Amino acid sequence: MDLPSTRYYGSKRKLVENIWSALDGLHLEYESVLDLFGGTGILSYYMALQNKHVIYNDIMAFNCEIAKALLCSPKGIFTEADAHDLLREDVECDYLHHVRDLYAGVYYTQDENNAIDIVIQNINRIPEEQRSSAYYILFQSCLIKRPFNIFHRRNLNLRENHVKSRFGNKTTWEKSFEVLFSQFTKELNRYQLEQLPNAQISNQSALNLDIHADLVYIDTPYFSKNSTPISYHNRYHFLEGLMHYADIPDHINYAKTNRELDFGRCREFENKLTYLDDLHQLLDMHRDSIIALSYTTNGYPSTEELRDAMSQHKEHAQVIDLGEHSFALNKDNNERHEVLIVGY
Ligand SMILES: C[S@@+](CC[C@H](N)C(=O)[O-])C[C@H]1O[C@@H](n2cnc3c(N)ncnc32)[C@H](O)[C@@H]1O
């Protein structure tokens with residue numbers, strides 16, 4: 001199926017059809033789907049295309065805007081002209097310059113930082129129904145301009161001194177916001193739906209969300225067995241910060257060279273030591289639903305431990321191999337398979 005492109009760590013874009021087939025193979029019946037760790041929104045989007053009622057959730061507000069653009073904004077509401085207007089500085093308006101003043105030399109060039117300052121404040125001045133589309137094109141453009149598409153390191157120099165290597169594409173990083181805004185507006189318009197699906201968006205920690213659905217899809221952050229984990233907050237704090245633009249100066253951790261912002265940070269499911277306890281709590285909350293849990297075979301906890309956890313809350317716990325799937329940044333991709341642990 002033709003699906004929107006994603007640039008997100010752990011995106012299931014390449015796996016949604018396998019997940020769908022795995023559930024189909026078990027002859028499970030469901031009308032509503034709760035996508036608790038929704039990320040890019042790709043599973044919610046796919047399920048919406050299959051006429052399921054979807055509830056998307058993620059702890060990061062910026063991800064929720066991406067999901068809202070795909071699921072809750074009708075096709076045609078946001079045009080290329082609207083996108084280019086966002087880059088225009090209104091002489092009547094007194095703009096703040098938090099990114100230019102506080103992030104010089106960190107992630108983007110000063111021209112780009114200035115553009116981000118202008119766009120984010122212009123987004124707050126456009127009609128409400130266009131805003132998530134505007135955030136969508138800004139966030140996709142910001143991601144595509146970053147080496148590895150993340151913000152865990154201060155490494156603008158890597159981009160500027162780049163010659164050629166396996167991880168990057170200088171031509172893409174150097175594309176202007178004008179060009180990228182056109183590209184992503186076209187893409188968004190291609191995937192937005194004429195008729196809006198039955199979809200809700202929620203922005204909280206999965207453990208606080210008390211909503212029932214026939215099928216609950218759980219795709220938490222993964223831990224590798226050995227390396228120190230990098231949290232989602234650490235990878236994407238900068239985009240989350242843009243959602244709270246006016247408050248940026250009071251939320252920067254200056255002790256960190258990447259000037260990490262603390263908005264949206266939550267330890268639940270991001271701490272290896274308490275992960276299994278968090279998971280048990282979540283599985284128990286949804287014991288009356290079909291539960292599908294995504295994980296990887298070379299992570300912590302092991303597939304056996306996860307199956308065991310599932311079987312403590314559901315009568316049947318079945319592990320389905322979804323095939324090999326590698327992440328660009330993972331060194332230990334060998335023999336790494338994605339699995340779906342289904343409880344019913
Ligand atoms: C593996 S990714 C999900 C990817 C998603 N299924 C996709 O295909 O794009 C994990 C997601 O969990 C979110 N997250 C982390 N902690 C969370 C929490 N406590 N509650 C809800 N979401 C959380 C992260 O922001 C991240 O988007």
Side-chain angles (χ1 to χ4, degrees), residues 1 3-20 33-48 54-71 136 139-140 143 149-152 191 201-211 215-224 229-241 243 261 263-272 274-283 285-286 291-296 299 306 322 325-330 336 338-341:
M1 189 183 284
L3 294 168
S5 64
T6 57
R7 287 146 274 284
Y8 194 67
Y9 203 85
S11 162
K12 296 298 176 293
R13 183 177 181 274
K14 293 193 179 135
L15 287 171
V16 278
E17 294 195 282
N18 296 12
I19 293 172
W20 171 265
V33 180
L34 174 56
D35 185 9
L36 274 175
F37 298 80
T40 59
I42 206 74
L43 181 113
S44 291
Y45 183 81
Y46 186 90
M47 289 290 178
V54 297
I55 305 137
Y56 165 100
N57 178 66
D58 199 280
I59 190 96
M60 297 283 204
F62 87 89
N63 275 331
C64 293
E65 292 298 333
I66 289 173
K68 227 187 268 177
L70 287 169
L71 292 162
Y136 181 98
F139 295 151
Q140 299 301 342
L143 284 168
N149 308 128
I150 49 182
F151 300 86
H152 74 314
Y191 293 105
I201 310 289
S202 150
N203 176 212
Q204 44 196 315
S205 177
L207 286 177
N208 295 336
L209 189 62
D210 184 17
I211 292 185
L215 170 73
V216 175
Y217 177 62
I218 299 178
D219 188 18
T220 69
Y222 293 2
F223 297 102
S224 78
I230 303 171
S231 70
Y232 273 84
H233 176 265
N234 194 219
R235 288 186 190 108
Y236 300 106
H237 68 99
F238 182 76
L239 300 185
E240 191 63 8
M243 294 298 301
L261 289 158
F263 304 102
R265 188 166 45 208
C266 173
R267 298 289 284 157
E268 287 163 6
F269 298 98
E270 291 279 16
N271 180 348
K272 214 170 177 171
T274 49
Y275 179 83
L276 266 175
D277 287 344
D278 291 343
L279 188 64
H280 272 294
Q281 202 182 323
L282 193 65
L283 295 176
M285 275 169 71
H286 296 288
I291 304 177
L293 167 70
S294 270
Y295 218 72
T296 173
L306 291 172
L322 299 176
H325 187 64
S326 59
F327 289 139
L329 281 185
N330 242 312
R336 182 186 195 284
E338 286 283 323
V339 288
L340 193 69
I341 300 160

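Counting starts at 1 for both ligands and their atoms, in listed order. Please read these numbers as outputs of a predicted model, since none were measured by experiment. All heavy atoms count here, side chains included; hydrogens, waters and symmetry mates do not.
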**Q.** Gly38: numbered ligand 1 atoms lying under 4.0 Å from its heavy atoms
**A.** 5 (C), 7 (C), 9 (O)
Q) For the atom pair CZ (Phe223) and CZ (Phe269), what is the distance rounded to the nearest 0.5 Å? A) 10.0 Å
(Q) For atom 26 (C) of ligand 1, what's the nearest protein heavy-atom neighbour? Residue, atom name and distance, please. (A) Tyr8 OH, 3.3 Å
(Q) If the threshold is 4.0 Å, N to carboxylate O, is there a salt bridge linking Glu338 and Arg336? (A) yes
Q | Residue, atom name and distance, where the atom is the protein heavy atom closest to atom 20 (N) of ligand 1 | A | Ala206 N, 2.9 Å
Q | Within the 6.0 Å centroid threshold, strictly below: Tyr232 and Phe37 | A | no
(Q) Ignoring hydrogens and geometry beyond distance, is a side-chain donor-acceptor pair present between Thr6 and Thr40 at under 3.5 Å? (A) no
Q: Anything under 30° is parallel, anything over 60° is perpendicular, the rest tilted; go ahead and classify Phe238 against Phe151.
A: parallel
Q) With atoms numbered from 1 as shown, which atoms in ligand 1 lie under 4.0 angstrom from a non-hydrogen atom of Asn63? A) 25 (O), 27 (O)
Q: Show which atoms of ligand 1 fall inside a sub-4.0 Å distance from at least one heavy-atom site of Gln204.
A: 20 (N), 21 (C)
Q: Return the residue, atom name and 0.1 Å-rounded distance of the protein heavy atom closest to atom 6 (N) of ligand 1.
A: Asp219 OD2, 2.7 Å
Q.
Under 4.0 Å from a heavy atom of Met60: which atoms of ligand 1 are those, numbered in the order shown and with their elements?
A. 25 (O)
Q.
For Tyr9 and Tyr236, I'd like to know if the aromatic rings sit close, meaning centre-to-centre distance below 6.0 Å.
A. no
Q: Report the distance from atom CG of Leu209 to atom CD1 of Ile55, rounding to the nearest 0.5 Å.
A: 8.0 Å
**Q.** Protein contact to atom 3 (C) of ligand 1 [nearest heavy atom, distance to 0.1 Å]
**A.** Phe37 O, 3.1 Å
Q.
Residue-level breakdown please: for Leu36 versus ligand 1, do any non-hydrogen atoms fall below 4.0 Å on the side chain, on the backbone, on both, or on neither?
A. backbone
Q. Which of the numbered atoms in ligand 1 are below 4.0 angstrom from a heavy atom of Gly10?
A. 4 (C)
(Q) Side chain, backbone, both or neither: which applies to Ile59 and ligand 1 if a contact is any heavy-atom pair less than 4.0 Å apart? (A) both
Q.
Side chains of Val16 and Tyr45, heavy atoms from C-beta outward: is any pair under 4.5 Å?
A. no
Q. Out of curiosity, Met60 CE to Ile66 CD1, how far, rounded to the nearest 0.5 Å?
A. 11.0 Å
**Q.** Spacing of NE2 belonging to His152 relative to CD1 belonging to Ile230, to within rounding of 0.5 Å
**A.** 4.0 Å
Q.
Heavy-atom pairs closer than 4.0 Å: do any link ligand 1 to the side chain of Tyr232, the backbone, both, or neither?
A. side chain
Q. Atom 9 (O) of ligand 1: which protein heavy atom is closest, and how many Å away?
A. Thr40 OG1, 2.6 Å
Q: Give the residue, atom name and distance (to 0.1 Å) of the protein heavy atom nearest atom 13 (C) of ligand 1.
A: Asp58 OD2, 3.3 Å
(Q) Suppose I only count heavy atoms of Ile42 and a 4.0 Å limit; which atoms of ligand 1 are within that range? (A) 8 (O)
(Q) Within ligand 1, which atoms have a heavy atom of Glu268 less than 4.0 Å away? (A) 16 (N), 19 (N)
Q. If you measure from each non-hydrogen atom of Thr220 to ligand 1, which part falls under 4.0 Å: side chain, backbone, both or neither?
A. backbone
Q) Where's the contact between Arg13 and ligand 1, heavy-atom distance under 4.0 Å: side chain, backbone, both or neither? A) neither
Q) To the nearest 0.5 Å, how far apart are CD in Glu268 and CG in Leu207? A) 4.5 Å
Q: Identify the protein heavy atom lying closest to atom 8 (O) of ligand 1, giving its residue, its atom name and the separation to 0.1 Å.
A: Lys12 N, 2.8 Å
Q) Is there a side-chain contact between Glu240 and His233 (heavy atoms, below 4.5 Å)? A) no
Q) For atom 19 (N) of ligand 1, which of Ser11, Cys64, Gly41, Ser205 has the closest heavy atom? A) Ser205
